There are 2 protein chains.
Amino acid sequence: MEWSTHEVVSATGITSRTLRHYDQIGLLKPSSLSAGGLRHYNQLALVRLQRILLLRELGLPLADIAAVLEGQSSDITALQQQRQHLLRQKERIDAQMRSVEDTINALRKGETIMPKTMFEGFDHSQYEDEVRQRWGDDAAQRSNTWWDGLGEQGRQRFQQELEDLNDAWDQVIAECEAPVSEAAQDVAERHVRWLGSSWQTAHMPRSAVKGIAQMYVDDERFAANYTRVSPAGAQFVCTAVQHYADQHLTEEP
Amino acid sequence: MEWSTHEVVSATGITSRTLRHYDQIGLLKPSSLSAGGLRHYNQLALVRLQRILLLRELGLPLADIAAVLEGQSSDITALQQQRQHLLRQKERIDAQMRSVEDTINALRKGETIMPKTMFEGFDHSQYEDEVRQRWGDDAAQRSNTWWDGLGEQGRQRFQQELEDLNDAWDQVIAECEAPVSEAAQDVAERHVRWLGSSWQTAHMPRSAVKGIAQMYVDDERFAANYTRVSPAGAQFVCTAVQHYADQHLTEEP
DNA sequence: TCTACTGGATGACGCTACGTCAACCGCAAG
DNA sequence: CTTGCGGTTGACGTAGCGTCATCCAGTAGA
């Protein structure tokens, strides 16, 4: 008692293409072929197909299903792995859903996805109130959106580059080079690029960079980053960055 | 102020292949090319890249991201759709996880994934106790596993074919054909195949089919399905199916 | 007997978002 | 002149089929 492709198709709801695919990859061979190469499946094949479809509905990849059916791997093991896999997927989706919700809420408040401020690298949560006072609520929220959107890797890289920069500044400060020296200007360029890597409007005007640099002197919390080897460190960094901005940046795009 | 591929790569954590891919599909063109075709990105491009990566982390497909960035579709709309999409995925994964758990538990109790009984089509939950009494707990649980593994479409098809069969039986019974008539035997063949579509061991022995057919008479709940047009309907179906089994089925594989 | 129709068959390409070679190229240092 | 860096352009592979385009065998109707 054998069944034709059409019969199997209408009984199981899969397509003939699927049957041929399973034949091609060796997952389910027809029990016999009739004239013209027509595929026919006997009960043995149908049982195998049922198992395939059952495991497929559980989300197992066909390769794993094949391994289970060939007895090369335990069904329990495969399903436990699948459970782990599903768990990871679930967590990822949950995280994405939260981010999507947050971003939608941010957008509804009339914000753009692009904007950002330049504070995140120092300490994101610690200075939020400060950001709010100086640049308004919008800036703080935009900042959050950007920072959250960066992802863990992005945040780590951003922080890492900041630390590397601080080390580089410490070094040129310790070497008593002038702020306009080549070594200091090289670090200044890196610093500006680092700022630019999180600067979210099209053009980063010279005045913005110079204003930020000025803050490194005016705000002791930022200054603290650059006075580790010398009290004059903050002024050094400020001068170096402002000089670089004067030399290489423009006010208008 | 432009950045090379290498700089963009190390700043964002994406690969150069990704940048070239985005170039190919027109999602992010480099702002300029230098000798040898080297790609360079200015701030405008980097801003765009930041938005791309943000939306990518939310799980949006690149095509949707492109549409948003080109202003062809609203960002809020796109994210709301994405939220729906994630919700559907979440539900699917949750369902799969439950099924995987159930199947693992069934397997731990020493059961095979394959087995099944022939009751599901009539009423799956209603007769569970009955199945348990006649065939033991194992059979009932295997039955659940199989039934659950079928999926909603599979269950609907299984039910639909049963209803079609019942209608076909009603018709031949009403036409006063003999159980051995060609018309009745045609329906019997369909009936046996329907049984076989859910029969999960390799061979369906003649005696099993005949036993099931006998139940259509002995068990009034099954009989009720075939006595809608005539009180003799159940006996008719039983005789027809048993005759078919005698003619076309074997005891051993 | 010719023809249309059924119910398939076999390629082959398409889809997502890149990873992963292989082969090559321009420029700079040794 | 060669080596190395930092890239470039193809081109194929991934999972699981969907979707053509083309062809073919057997059957029923004219």
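Labels below follow one simple rule: chain letters A, B, ... track the order of the sequence lines, proteins then strands, and each chain is numbered from 1. Because only heavy atoms are used, hydrogens play no part in the values below, and waters and symmetry mates are left out as well, while side chains stay in. It should be emphasised that the depicted structure is a prediction, and the values quoted were computed from it without experimental measurement.
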Short N-O contact, Glu70(B) and Arg48(B), less than 4.0 angstrom: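 Result for this pair is yes, salt bridge flagged.
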Euclidean distance, atom CD of residue Gln24(B) to atom P of dA11(D) [Å, nearest integer]: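 Distance check: Gln24(B) CD to dA11(D) P gives 11 Å.
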Residue met sooner reading DNA chain D from 5', once Asp23(B) and Leu60(A) are mapped to nucleotides: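 Per heavy-atom nearest nucleotide, the more 5' residue is Asp23(B).
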Distance-only donor-acceptor test (3.5 Å): side chain Arg20(B), base dT8(D):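 When only heavy-atom distances are counted, Arg20(B) does not reach the base of dT8(D) through any donor-acceptor pair under 3.5 Å.
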Distance test, side-chain N/O of [X] to OP1/OP2 of [N], below 4.0 Å:
X: His6(A); N: dG8(C); value: yes
X: Thr5(B); N: dT8(D); value: yes
X: Arg39(B); N: dT8(D); value: yes
X: Tyr22(B); N: dA17(C); value: no

Touch class at under 4.0 angstrom, heavy-atom based, for Thr15(A) against every strand present: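 It contacts sugar-phosphate atoms only.
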Touch class at under 4.0 angstrom, heavy-atom based, for Leu62(A) against every strand present: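 Result for Leu62(A) = sugar-phosphate.
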Distance in Å, Leu19(B) CG paired with Leu49(B) CG, rounded so as to fall on 0.5 Å steps: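 Output value for this atom pair is 6.5 Å.
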Residue whose nearest DNA chain C nucleotide is more 5′ - Glu7(A) or Thr18(B):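 Taking each residue's closest nucleotide, the earlier one in sequence belongs to Glu7(A).
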Taking every non-hydrogen atom, the tightest pair across Glu7(A) and Trp3(A):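 What the structure gives for the nearest pair is OE1-CA, 3.4 Å.
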